[in-house]
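First comes the structure, then the notes that go with it.
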Amino acid sequence: MRVKTRFAPSPTGYLHIGGVRTALFSWLYARHHGGTFVLRIEDTDRERSTEASIQAILTGLTWVGLDCDEGPFRQTARFARYAAVAEEMLSRGTAYRCYCSREELEAMRAQQVTRGENPRYDGRCRERRQPVAGVSPVIRLRSPREGTVTVHDLVRGDVSFNNADLDDVILMRPDGMPTFHFGVVVDDADMGITHVIRGDDHLTNTPRHIHIQQALGVPVPVYAHLPMILGADGARLSKRHGAVNVLEYRDRGYLPDALLNYLVRLGWAHGDQEVFSRQEMIELFDIAAVNSAASRFDPDKLNWLNQQYILTRERRQLADEFGAFMDLRGLRREPGPSLGEVVDAYRERAVTLEDMAQASWYVFNDFEAIDGKAAQQHLKAATVPVLALAMERFEALPVWQRAAIHEALQGVAAALGIGFGKVGQPLRVAVTGGTVSPPIDVTLELVGRQRTLRRLRHALQLAQEQPLLS
RNA sequence: GCUCCCUUCGUCUAGCGGUCAGGACGCGGCCCUCUCAAGGCUGAAACGCGGGUUCGAUUCCCGCAGGGAGCGCCA
């Protein structure tokens, strides 16, 4: 059997992190089996669906690199089809028109709850022959009232439900819009979806879907219900847990590969392995090995993974990604060294591309002022000779290159009879405006000779103005 | 309330009847060191509770407790 999976978001907001994980697992399953991955936009909720959401979902998926083979399809483009299927069900008697008003249904539910029953439609329109004047009816499924349905779930195993606990689900609204339940089933069947991989929150919807499938006489797909992702505090993931919109991760300098790697390990493991390339994910992913318990989103571990990816990423690629990030954030990258050099120097101390941009800012831009505390500590009268001698040696250097710079600085330390640390730190403060940077020779090389000398001159002035205390 | 699901270090997880219960993140210590990192070594840290089954349960079964999801003309 040729595997076909789908991701079916509803465009009522941005693409969130839980959705990405669902999409990832569907995508992995399809890719692993050499199957097809379909994207379908479930936009039957006209009130809440927006064009902007569709765009956000699409760019989110693109950024993260989960490419679909078919779609995006839109349910709103398939009206006629749902109507035709519903009509057929009506004529075959597997569905019926229901004229109950919302108020009536509300009252029914309230009563049932007070009686301690599972609130559900009691089927009072099942045998109705005559339409009710002035009421445009909904269409309901005539579902079995006895027996059980069992969902054969790839991650949960068999889960059974009593049909008596389920009610006659609404298929079509009065305006001819299918409900979610009807839309998914018809679409999954029409599109030949073999495996439905979706969030845990749909598990209790599944028996209804199976009833619809049985009424339609279409094959029941294989189901796999994924556990939810919770916030760090165990509550449902929401904005107060930090970023939930995928694009926020892009904007904060996360690498899509790292995000996916983090997500794939939420609820799934392959022995002790933590880092998976896309290829490895595809090869090793096994839906049956997915955990059934919900997991919490841990930003610390995502950070660690992102750092690992930055650390080990191929130079050219990282430079490209960093460049794209700088552009996205409107950061200046010229004049200055090549991004390849920058990335080599800063990758070891950046958790995100944002960190990297921040840490290397002085390479491309002139700072307003040196950090006060740093200047006070490192640019004092005693450092005047260090700065002066360094400038002298730098001016004389035939090439502006780290080995030569390093040698020159060792010469300065030796000439003044002080340790390398007494040379490096004042220079660092002078040239970067702060106390943290890559090794001083590398830093100076990147900043460039002209800028270095200019900044040293300025720092020298500052140091000379300090009171003579050492 | 009803139905369904879940339960190993703080977190993500390995485990699939006999293990010193392993790894990773985070946290502590040490080493390396011109700053910050990265890296190396190392330490603390878990089987929710109660019954069974079994020679033996983290592992199988049943309760309980705790968490979660669903019960819409939302998806």
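Quick note on labels: first sequence line is chain A, next is B, and so on, each numbered from 1.
- Distance from the side chain of A:Arg349 is smallest to B:rU35 among B:rC5, B:rU35, B:rA24.
- Environment of CD in A:Glu407: sparse, with no more than 12 heavy atoms of neighbouring residues, nucleotides or ligands closer than 6.0 Å.
- Nearest-nucleotide positions on RNA chain B for A:Arg347 and A:His406 put A:His406 closer to the 5' end.
- For A:Glu348, the listed nucleotide lying nearest its side chain is B:rA38; candidates were B:rC6, B:rU35, B:rA38.
- A gap of 48 Å separates the C1' atoms of B:rG40 and B:rU53, to the nearest Å.
- In this model, no donor atom of one side chain and acceptor atom of the other lie less than 3.5 Å apart for A:Tyr262 and A:Asn306.
- Comparing atom distances between the A:Ala269 side chain and each of B:rU35, B:rU13, B:rC73 picks out B:rU13 as nearest.
- Contact check, A:Arg236 against B:rA69: a side-chain N or O comes under 4.0 Å of OP1 or OP2.
- One finds no side-chain N or O of A:Thr179 lying less than 4.0 angstrom from the OP1 or OP2 phosphate oxygen of B:rA75.
- For the 3.5 Å distance criterion, the side chains of A:Asp187 and A:Tyr82 qualify, holding a donor opposite an acceptor.
- For A:Asp298, the side-chain atoms get nearest to B:rU11 when compared with the rest of B:rU11, B:rC73, B:rG70.
- Side-chain N/O atoms of A:Arg109 include one lying less than 4.0 angstrom from OP1 or OP2 on B:rG72.
- For the P atoms, the distance from B:rG18 to B:rG63 is 25 Å, rounded to whole Å.
- Phosphate contact (OP1/OP2 of B:rC36, side-chain N/O of A:Thr435, threshold under 4.0 Å): absent.
- Dashed line: the shortest gap from a side-chain N or O of A:Gln307 to OP1 or OP2 of B:rA38 is under 4.0 Å.
- When the P atom is used for both B:rG10 and B:rG48, the distance is 11 Å, rounded to whole Å.
- Of the listed nucleotides (B:rC73, B:rU7, B:rC34), B:rU7 has the atom at the smallest distance from the side chain of A:Ser292.
- For the C1' atoms, the distance from B:rC6 to B:rG26 is 25 Å, rounded to whole Å.
- Using atom P as the reference point in both B:rG51 and B:rG70, the two lie 36 Å apart (nearest Å).
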